[in-house]
Amino acid sequence: PDSPNLRMLAATVNERQRQAYLAPYVAGQTISAIGISEPGAGADPAGMITRAVRDGEDWVINGRKIWISRAEEADFTILMAVTDKEKGARGGMSAFLVDKGTPGFNVLRKIPMIGGQATYEVALEDCRVEGWKLLGEEGHGFAPMQLRLGTRRIEMASWSIGMAQRALDMICEYAPQRKTFGLPLSER
Ligand SMILES: Cc1cc2nc3c(=O)[nH]c(=O)nc-3n(C[C@H](O)[C@H](O)[C@H](O)COP(=O)(O)OP(=O)(O)OC[C@H]3O[C@@H](n4cnc5c(N)ncnc54)[C@H](O)[C@@H]3O)c2cc1C
């Protein structure tokens with residue numbers, strides 16, 4: 001499984017969600033996605049405006065998400081939304097488990113990225129989510145989301161260092177005349 005999502009789920013699931021979502025995820029039977037970024041809220045997720053409003057036992061979500069990896073293929077998406085506009089990131093943001101194929105969870109387009117990756121843009125249009133699929137405490141989704149982001153940042157740092165190291169090794173291996181890289185300019 002994707003370790004950041006796994007970490008967020010492990011920190012938040014209740015017993016019902018553990019059985020329905022976490023157990024099959026840990027067993028490698030399902031794929032997950034995370035929906036945080038929005039057209040107007042990337043580096044600063046506190047600026048997100050996607051709204052989740054209670055309707056009886058359910059939640060109804062409206063908004064727009066962008067750059068969402070695996071949005072089309074994921075069995076479920078952990079979707080972040082504002083549940084209290086006044087409180088925002090400090091007690092007004094919640095996480096929801098949205099299943100693949102839920103009416104109103106509309107994947108709009110695939111966005112090609114550098115390196116052959118792809119992400120997706122998703123519109124939430126009166127997307128109805130059952131009440132028990134609120135992940136963690138209402139209004140307190142921001143901290144577990146940050147826990148998730150921290151896990152990914154550590155991964156990204158090690159991937160980046162590894163790739164940079166491999167690139168340098170390849171230069172030395174395939175173009176030995178460029179081994180002068182590590183030397184002071186005067187000695188090249
Ligand atoms: C391959 C890939 C996969 C992704 N997958 C997902 C995913 O699955 N789910 C998801 O939710 N998101 C995903 N994202 C989105 C990613 O998390 C965002 O790209 C990231 O949060 C940055 O947002 P942005 O691209 O809109 O950049 P911006 O927010 O526009 O930032 C651009 C630059 O401006 C700087 N900046 C922004 N605001 C400020 C400020 N107030 N002060 C100073 N500097 C600032 C930033 O540090 C950055 O250098 C993915 C992105 C990529 C590239």
Side-chain angles (χ1 to χ4, degrees), residues 1-13 17 21-22 24-26 28-52 59 61-83 85 87-90 92-102 104-125 127 129 133-136 139-164 166-167:
D2 174 82
S3 51
N5 286 357
L6 181 64
R7 198 148 181 235
M8 183 172 180
L9 286 170
T12 47
V13 285
Q17 294 163 344
Y21 289 92
L22 185 56
Y25 191 55
V26 169
Q29 293 159 356
T30 54
I31 298 171
S32 71
I34 179 88
I36 302 170
S37 309
E38 299 186 2
D44 180 14
M48 75 175 66
I49 55 172
T50 292
R51 277 284 270 151
W59 290 90
I61 307 177
N62 278 285
R64 183 72 62 112
K65 296 288 174 182
I66 197 164
W67 322 122
I68 310 306
S69 306
R70 303 180 296 278
E72 195 161 64
E73 55 266 29
D75 297 287
F76 65 94
T77 296
I78 303 171
L79 194 99
M80 300 302 304
V82 176
T83 43
K85 260 203 245 180
K87 292 184 181 158
R90 297 181 184 278
M93 261 181 211
S94 307
F96 297 89
L97 295 159
V98 183
D99 298 322
K100 185 181 192 172
T102 303
F105 181 89
N106 299 325
V107 177
L108 298 183
R109 64 180 172 123
K110 187 174 184 176
I111 307 169
M113 320 275 289
I114 291 172
Q117 294 217 23
T119 59
Y120 296 86
E121 182 166 6
V122 179
L124 288 311
E125 291 164 324
C127 180
V129 176
K133 293 181 182 177
L134 170 75
L135 184 60
H140 296 281
F142 201 76
M145 181 195 79
Q146 289 294 356
L147 178 77
R148 184 208 173 274
L149 291 175
T151 310
R152 177 65 88 221
R153 285 178 187 132
I154 292 169
E155 276 186 358
M156 293 295 274
S158 29
W159 288 338
S160 302
I161 291 168
M163 282 191 267
R166 178 68 185 135

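Sequential numbering from 1 along the given sequence is applied to the chain's residues. All values reported here derive from a predicted model rather than from experimental measurement. Read the numbers this way: they start at 1 and go in the same order the structure lists the ligands and their atoms.
The part of Thr119 lying near ligand 1 is the side chain, judged by heavy-atom distances below 4.0 Å.
Evaluated for a side chain to side chain donor-acceptor pair (under 3.5 Å) with Glu121, the options Lys110, Arg109, Lys65 yield exactly one hit, Arg109.
Among protein heavy atoms, the minimum distance from atom 15 (C) of ligand 1 is reached at Ser37 OG, 3.2 Å. Considering only non-hydrogen protein atoms, atom 25 (O) of ligand 1 sits nearest to Trp67 NE1, 4.1 Å. In this structure, the protein non-hydrogen atom closest to atom 9 (N) of ligand 1 is Ile34 O, 2.8 Å.
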_side chain to side chain contact (heavy atoms under 4.5 Å, CB included) evaluation trace for Met8 with Ile34_ = CA-CA 10 Å; Met8 183 172 180; Ile34 179 88; 4.1 Å; yes
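Not one N or O on the side chain of Asp75 forms a donor-acceptor pair closer than 3.5 Å with the backbone of Thr30.
Distances from atom 28 (P) of ligand 1 to the heavy atoms of Pro4, Ala41, Ala43 put Ala43 nearest. Looking at Pro39, Gly42, Ser69, it is Gly42 that brings a heavy atom closest to atom 21 (O) of ligand 1. Of the candidates Met113, Met145, Met80, Met113 brings a heavy atom nearest to atom 53 (C) of ligand 1.
Polar contact check, Ile36 against ligand 1: a nitrogen or oxygen pair lies under 3.5 Å apart. At under 3.5 Å, not a single nitrogen or oxygen of Asp44, backbone or side chain, sits near a nitrogen or oxygen of ligand 1.
Between Asp2 and Arg148 a salt bridge is recorded (basic side-chain N to carboxylate O distance below 4.0 Å).
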